Engineer: 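I'd like to ask some things about the structure below.
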Amino acid sequence: MIELYKLHWSHYVEKVRWALDFKQLDWRGIDIVAFTKKEMQRFDCAQTVPLIHDTITGVAISDSSPIIRYLDETYPEHPLLPADPAEREAVWQWMLRLDSSLGLHARRLGYTQVIMECPHVLSQLFMPNVAGGVFTRRGWRVLAAPVLGAMLSLRFGFHRNRGDGVYEALEAQLIPIAAQLEREGFLVGNRFSAADITLASLLRPLRIVPHFAQHPRLQSLFAWQTQLFRIHDRDAAFPYETLIRTQRERRGSMRGRVRWMHPSTERAPVAGESPALQVAQNDIHSVNRWMLLLGLPAYLKLRWFSGVGRVPYVPAAFLAG
Ligand SMILES: N[C@@H](CCC(=O)N[C@@H](CS)C(=O)NCC(=O)O)C(=O)O
């Protein structure tokens, strides 16, 4: 039995859940409290989510790509990493590169979108059971939103999205990937692998970011992802996707125009191979309660003056199915 320590909406968690299901392993999920992560403290490994504990071997391991490699090596049936050494290394490098770029950038922009459009959702994600769920009630959830939003902004740097060129970097990364998948169907070789699971899972938060979900050159990528969700019986939409959609339908608008980006500023993809990675990089900064005061202006700026303008709500084409 595999125990999966999880935050149910995390795209890194979904990547591991998908791998567990694909490999038809016996597993159960354990929801953790995001603020303390006390459920996982007994394990002597990095305290990031997802983390698995294999009750048969006693191994506890965190970080989604090493988790999948461990599962594939320990339980070789229904392989997710190719046997051929060159292809195996190619899949591994895709996984680490996507974890270190797409995964981090999509998380930043997904949360940013929630903060701009429906920050009260944050307490539903982070505090569903705190004090008997009081913070998910109307009124209380509005009060909780700035605190959670400020904390998350500092932890992941949402207020630096523009300065860090997050939209631009993602666009430059995803356009060539979309073109490759149109030609080849899979990231490596001619079969489905852990690289495809990584891409399809880590792309998930961008389904609520109109700049990407509506991007003319990325429609084939989201169609590829949607088709994989269907073939592999994954959730068509996570709860935050449904909540933001409801809000947009009610308002008739969404925050979709990244004012500082013009077609001419689209960066050409960087040529040449990037150096091989050994481990995935992360961008989590520790935040203490005093720093929250600094986070509040960042949150308010993001919410009202982010430079991402309101446009009429149009559902993304891939939602039409
Ligand atoms: N490279 C890691 C990234 C994992 C990660 O950053 N997880 C986030 C949740 S999406 C986390 O642990 N957050 C807890 C925190 O911020 O303390 C992986 O692939 O698993």
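Heavy-atom basis, side chains included; hydrogens, waters and symmetry copies ignored. Every number for a ligand or one of its atoms is a count from 1 in the order of the listing. For the single chain, residues carry numbers from 1 onward in sequence order. Keep in mind the model is a prediction, meaning the values are calculated, not measured.
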Engineer: What's the shortest heavy-atom distance between Pro312 and Met254, and which atoms?
Structural biologist: O-CE, 3.8 Å
Engineer: Can you confirm whether the side chains of Thr48 and Lys37 place a donor and an acceptor under 3.5 Å from each other?
Structural biologist: no
Engineer: Taking Val279 as the starting point, is it possible to reach Ile61 by hopping between hydrophobic residues whose side chains are less than 4.5 Å apart?
Structural biologist: no
Engineer: With the criterion set at N/O pairs under 3.5 Å, what does the list of contacts between the protein and ligand 1 look like, atom names and distances included?
Structural biologist:
residue, atom, partner, partner atom, Å
ligand 1, 1 (N), Asp63, OD1, 2.8
ligand 1, 6 (O), Arg107, NH1, 2.8
ligand 1, 6 (O), Asn282, ND2, 2.9
ligand 1, 7 (N), Val49, O, 2.7
ligand 1, 12 (O), Val49, N, 2.9
ligand 1, 16 (O), Arg155, NE, 2.9
ligand 1, 16 (O), Arg155, NH2, 3.4
ligand 1, 17 (O), Lys37, NZ, 2.8
ligand 1, 17 (O), Arg155, NH2, 2.8
ligand 1, 19 (O), Asp63, OD1, 3.1
ligand 1, 19 (O), Ser64, N, 3.2
ligand 1, 19 (O), Ser64, OG, 2.5
ligand 1, 20 (O), Ser64, N, 2.9

Engineer: Please confirm whether the ring centroid of Trp224 lies under 6.0 Å from the ring centroid of Phe318.
Structural biologist: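 Not under 6.0 Å, so no.
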Engineer: Hydrogens and angles aside, do Gln247 and Arg250 bring a side-chain donor and acceptor to less than 3.5 Å of each other?
Structural biologist: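 Distance-only check passes for Gln247 and Arg250.
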Engineer: Looking at Tyr240, I'd like to know if the NZ or CZ of Arg204 sits under 6.0 Å from its six-membered ring centre while staying within 45 degrees of the ring's axis.
Structural biologist: no
